[in-house]
2 protein chains.
Amino acid sequence: MESVSDMRERGETGHEQAGTTAGTAPAAGAAAKHAGGRRPGETRTREAILGAARVCFAERGFDGTSLRRIAETAGVDQALVHHFYGTKESLFLQALELPGRIQEAITAAARGERAGVGERMVRAHLSVWDDVSSRPALMTMVRSAAIHRAAAARLRETATGVLARALGGVITGEDAMLRTSMVATQLVGLAMMRYVAVLEPLSSADTDTVVRYYGRALQAVVDD
Amino acid sequence: MESVSDMRERGETGHEQAGTTAGTAPAAGAAAKHAGGRRPGETRTREAILGAARVCFAERGFDGTSLRRIAETAGVDQALVHHFYGTKESLFLQALELPGRIQEAITAAARGERAGVGERMVRAHLSVWDDVSSRPALMTMVRSAAIHRAAAARLRETATGVLARALGGVITGEDAMLRTSMVATQLVGLAMMRYVAVLEPLSSADTDTVVRYYGRALQAVVDD
DNA sequence: CAGTGAGTTCATCACGTGATGAGTTTTCGG
DNA sequence: CCGAAAACTCATCACGTGATGAACTCACTG
């Protein structure tokens, strides 16, 4: 139903262990289905779990996501999640980590003439959200910020940290900090309605149109 | 910890009904603790439960709120929640119902000259959110919209319904609908950051200042 | 004053949750 | 080539959840 949910649609019904009377080792007839123990070759399970966690948390939020679901999405046993990440909370915190390129994009957009900064910021914001690799982490943050304390804290840090630094020289005059936080507010609102709540016609509007109108709104707070 | 949580801090350990040794009733020695059965006098339990539900959902969201917690907040048995409202989901839907005065406030603000409509809308929005009687319902909607489908749907309806109707004659020209949805976006963003994520200095800024700057941003989308 | 129905509590169920520990197989440093 | 550490599975636990049904008491109609 959703968009980012590809990862989970693997058939792989259930670990058909086919116990078959075994001796000590699984002398089962069929393909040697590794029962327990380490897998041969290189391992990329840790990242797989984190990726699955990002996807799941992005879709359903913290409370709505069970460790079993994450494990299933990653194709591993649930205990492995604990093995690598300890508690659900600490896994969540790591899933919340934002890719560095988001900061770069925003920072780059803030540079240059003040005149077009509103439009440039909106464009940068949309480009990051439209990128499937950075979306789950952003989605997780915004979706959970409404409920989860740590996620809200992250959102605040990102807003005041990244944005304040980027717009430091751009927004000047009275109440500069307040106006900076309002820019963050507008961007979060945009993400919330366009990507999370899926409000039409905003969700389907093409990038350029959104940039034109919403950029104007940001510019109104930046200027003075 | 939070602000709206007054309702729950009642000591009222146990419903000491003080039945005074009654005749037919359990002639137990101690204070006649109303075990089961209807309470004498008028009953306002139904509304108490709904109010408690609004407060709890507003604080913790749908998943984070248990029926037991709601029942405890309302000071009643958990089974009563089911008795009156059926499932948790249906109780949630009723808790989502917005007071009519919100629509009125927004609609009233949209009337009048186009010039100051941005500021008037922001002021109306803030006044509704700062009113403790309407806050839990709004909080519930915004907090849960990130996760819960029905809440998101409500948010969309409210945005396109109330706002589109109110701003129908005000926003004209190209992409009127899109720009209307952007006004909604800005207002939701404001609520999200000022009241939910509690971003400073936005959260502590006084109403007039917020109205001045943010009103300008709304106006930028309204005009043309 | 009988009796139906609504308000209220208690005890309980089946289930999904996060977490843990024991046991198995591989990798890898010495 | 040995042994410790890492990767991995399985079985289980204790717990909180939403939901249900039986029992009891009051209000209200006739």
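The chains referred to below are lettered A, B, ... by the order of the sequence lines, with proteins before strands, and numbering in each begins at 1. Just so we're clear, the structure is a prediction, and the values are computed from it rather than from any experiment.
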Please give, in whole Å, the distance from [N] [atom2] to [X] [atom1]?
| X | N | atom1 | atom2 | answer |
| --- | --- | --- | --- | --- |
| A/E89 | C/dA19 | CD | C1' | 15 Å |
| A/Q78 | D/dT12 | CD | P | 15 Å |
| A/E72 | D/dC10 | CD | P | 14 Å |
| B/H82 | C/dT8 | NE2 | P | 16 Å |
| A/R69 | C/dT17 | CZ | C1' | 14 Å |
| A/R44 | C/dT27 | CZ | P | 15 Å |
| B/L80 | D/dA19 | CG | P | 15 Å |
| A/Y85 | C/dA19 | OH | C1' | 18 Å |

**Item:** Test item: side-chain donor near acceptor, B/S127 and B/D130, under 3.5 Å
**Value:**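 No pair is found: no donor N or O on one side chain lies under 3.5 Å from an acceptor on the other.
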**Prompt:** Of A/V210, A/L202, A/V188, which meets side-chain contact (heavy atoms from CB on, under 4.5 Å) against B/T185?
**Reply:**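 Answer after filtering A/V210, A/L202, A/V188: A/L202.
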**Positive for side-chain contact (heavy atoms from CB on, under 4.5 Å) with A/L167, one of A/V183, A/T107, A/I106** =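 The side-chain contact (heavy atoms from CB on, under 4.5 Å) with A/L167 is passed solely by A/V183 among A/V183, A/T107, A/I106.
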**Message:** Counting only side-chain heavy atoms from C-beta out, which of C/dT8, D/dA7, C/dA19 sits nearest to A/T87?
**Reply:**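 Looking only at heavy atoms from C-beta outward on A/T87, the closest nucleotide is C/dA19.
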**Request:** Please tell me which of the listed nucleotides, D/dT9, C/dT8, D/dC8, lies nearest to the side chain of B/F84?
**Result:**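 Closest of the options to the side chain of B/F84: C/dT8.
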**Message:** Base of C/dG7, side chain of B/R46 - is there a donor-acceptor contact under 3.5 Å?
**Reply:**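 Per atom types, no contact qualifies.
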**Request:** Return yes if the base of C/dG18 and the side-chain atoms of A/R68 contain a donor-acceptor N/O pair under 3.5 Å, otherwise no.
**Result:**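 A donor-acceptor contact between them is present.
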**Request:** Considering just the side-chain nitrogens and oxygens of B/S66, establish if one lies under 4.0 Å of OP1 or OP2 belonging to D/dT17.
**Result:**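 Yes, within the criterion.
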**A/T43 side-chain N/O to D/dC8 phosphate OP1/OP2 under 4.0 Å** =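 For D/dC8, OP1 or OP2 has a side-chain N or O of A/T43 closer than 4.0 Å.
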**Considering all heavy atoms, the nearest B/L93-B/R154 contact** =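 Closest pair (atom of B/L93, atom of B/R154, distance): O-NH1, 3.7 Å.
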**Prompt:** At under 4.0 Å between heavy atoms, what does A/L67 touch on the DNA or RNA strands: base, sugar-phosphate, or nothing?
**Reply:**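 Sugar-phosphate contact only - A/L67 comes under 4.0 Å of backbone atoms but never of a base.
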**Request:** For A/A79 and for A/H83, locate the closest nucleotide of DNA chain D by heavy-atom distance; then report the residue assigned to the nucleotide nearer the 5' terminus.
**Result:**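 The 5'-side residue here is A/H83.
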**Asked** Going through the distances and angles, do B/E200 and B/S204 end up as a side-chain hydrogen bond (donor to acceptor under 3.5 Å, both in side chains)?
**Response** CA-CA 7 Å; B/E200 296 297 352; B/S204 309; 2.8 Å; yes
